[in-house]
Amino acid sequence: MPFIPHTQEDIAEMLASIGAKTIEELFDEIPKDLISGELTGVPPGLSEMEITRLMMERAGQDGLYQNFIGAGAYEHHIPAAVWQITTRGEFYSSYTPYQAEASQGTLQLLYEYQTMMASLTGMDVSNASMYDGATALAEAALMAVRSHKTSRRILIPQTVHPIYRQVVRAIVSNQKIEVVELPFCTDCGQILPESLANSVHEEFAALVIPQPNFFGVLEQVDALTDWAHSKNAFAIGVVNPTALALLTPPGEWGSKGADIAVGEGQPLGIPLSSGGPYFGFMACKNELVRQMPGRIIGRTTDLDNKEGFVLTLQAREQHIRRSKATSNICTNQGLMVTAATIYMSLVGPEGLRRIAAQSHANTLELVEQLEKINGVKRAFSGPIFHEAALTLPAPVAKVLSQLKQKGILGGLDLQAYYPELGNTLLACVTETKTAADLQNYAETLKQALS
């Protein structure tokens, strides 16, 4: 999208029309002590050609690596058509669709997105959408407390992504909501439903259930969901959307299904790009829809019986009377949602199942090869999807450094998040890896450990 700067003549003409002599006069209501003056640390501007060359040089410094990290950010193949369509002007430059009659294309796309996410999660309704997976979980916690009414306590297993847990605490702590972390079984890497009955005695508003959890292990979601409901609490599923192509959706967990499902949408067509941008998704049962933050798109008919799309079930307080809003997070990452909708449309249900199945098969194959190396073993016995925690006979940081020298980003060192696990590596494999890639990883790791 081209950038057309204003010329000095343009600026002078606009100021004359406004009645101001200078830009400074236009903003004279800003207190002088808040004006920073010239930005001495900003280098001179570059031409388009110069900035393109600089970015190519920086990209070259990054190098080309085989990526096995995962841990909430996943490398999947993205069909070229996804971003070719996403960056068309009709999508790329559109923003919040407040004026429905002028935003029918955007509204229809968001409606299709909601339909796909509701189907994928097995829930009644989806919004469109959230900032990212971590803040979506925090919003789900707030939503559960508002709906529960008598308890302000949320149970979060330590098998939930540690950054998600940090974000939840940061957002809900000032609202007098207690976050209680639940320990996990160090043998299986899961939350054991039978242990909850002995360790949880006070009333709580919701239980968070990750699937898969941060270690890549599959939790006993049916039993956990039923246990939460037996305590008159809500069940909040934190799910990987790719895994849902194979696993039971949250809406079907236990006898009644989870009440809220959230997660990170990045695996659905969003490339790994220096940490973002990503987007969060949220879906829920009909009974909770009026507590759901964000925007919901509805389909209707006009007086001429023509189909149309509108913003619905979203109060003006969301943007104006913020203290009365269901959420103070209004960003919905619309462009990322656009890409995800196009990705899911192109890949289709069968394609998503194949991606999930190949990722799972590749992970099992890599784990099998790595466990043949002396001293390497799986940290947990629970079933996995496309990540595995592996115990190494040497410091993980040192091993990862050696792998990087060979062009492999070998995984995530869990020492910072779970020091009690010792030398444990979290590795991820998706459909992008070939048999040769897996063999190369195993051989390089063996050399690093020898």
Item to check | ring-ring contact (aromatic ring centres under 6.0 Å, His included) partners of residues 153-182, not counting sequence neighbours, each pair once | outcome: H161-Y164, H161-F214
Checklist entry - Applying ring-ring contact (aromatic ring centres under 6.0 Å, His included), which residue pairs with at least one partner in residues 50-77 are found, sequence neighbours left out? => result F68-Y441, Y74-H386
Next on the checklist: Once salt bridge (charged side-chain N to carboxylate O under 4.0 Å, His left out) is applied, do any residues pair with E50, and if so which ones, sequence neighbours excluded?
Outcome noted: none
Item to check | Set of residues satisfying salt bridge (charged side-chain N to carboxylate O under 4.0 Å, His left out) with respect to E75, sequence neighbours excluded | outcome: K433
Checklist entry - Is E202 paired with R153 through a side-chain N to carboxylate O contact shorter than 4.0 Å? => result yes
Would one find more than 12 heavy atoms of other residues, nucleotides or ligands at under 6.0 Å from atom [atom1] of [X]?
{"X": "Q84", "atom1": "CD", "answer": "no"}
{"X": "R354", "atom1": "CZ", "answer": "no"}
{"X": "N286", "atom1": "CG", "answer": "yes"}

Would you indicate whether the side-chain heavy atoms of [Y] and [X] approach each other to under 4.5 Å?
{"X": "V180", "Y": "F204", "answer": "no"}
{"X": "V208", "Y": "L155", "answer": "no"}
{"X": "L400", "Y": "L409", "answer": "no"}
{"X": "V125", "Y": "C284", "answer": "yes"}
{"X": "F91", "Y": "T341", "answer": "no"}
{"X": "T430", "Y": "C428", "answer": "yes"}
{"X": "Q211", "Y": "L247", "answer": "yes"}
{"X": "V289", "Y": "I296", "answer": "yes"}

Checklist entry - Taking it one step at a time, do D187 and S381 satisfy side-chain hydrogen bond (donor to acceptor under 3.5 Å, both in side chains)? => result CA-CA 6 Å; D187 291 327; S381 60; over 6 Å; no
Is there a donor-acceptor contact under 3.5 Å from the side chain of [X] to the main chain of [Y]?
{"X": "S195", "Y": "L192", "answer": "yes"}
{"X": "Q266", "Y": "F279", "answer": "no"}
{"X": "N67", "Y": "I408", "answer": "no"}
{"X": "W83", "Y": "G269", "answer": "yes"}
{"X": "W253", "Y": "T248", "answer": "yes"}
{"X": "D222", "Y": "G254", "answer": "yes"}

Checklist entry - Tell me, which pairs form a salt bridge (charged side-chain N to carboxylate O under 4.0 Å, His left out) where one or both residues lie in residues 437-450, sequence neighbours left out? => result none
Checklist entry - Stepwise, does the salt bridge (Lys or Arg N to Asp or Glu O under 4.0 Å) test hold for K285 with E287? => result CA-CA 5 Å; K285 293 296 181 65; E287 293 78 8; over 6 Å; no
Next on the checklist: So which atom in N127 and which in G294 form the shortest heavy-atom distance, rounded to 0.1 Å?
Outcome noted: ND2-CA, 4.4 Å
Item to check | Reference residue P250; test side-chain contact (heavy atoms from CB on, under 4.5 Å); the match among V238, I236, I260, L244 | outcome: L244
Checklist entry - To the nearest 0.5 Å, what is the distance between CZ (R353) and CD1 (I355)? => result 11.5 Å
Checklist outcome for this item: When rounded to the nearest 0.5 Å, the distance separating CD1 of I209 from CG of L224 is 5.0 Å
Item to check | Between T363 and E387, a side-chain donor and acceptor under 3.5 Å | outcome: no
Next on the checklist: Students often mix this up, so state it plainly: with edges at 30° and 60°, are the rings of F380 and F215 parallel, tilted or perpendicular?
Outcome noted: tilted
Checklist outcome for this item: Quick note, side chain to side chain donor-acceptor pair (under 3.5 Å) partners involving residues 404-420, not counting sequence neighbours, are R165-Y418
Checklist entry - Step by step, would you call R152 with E178 a side-chain contact (heavy atoms from CB on, under 4.5 Å)? => result CA-CA 6 Å; R152 302 185 70 80; E178 182 185 2; over 6 Å; no
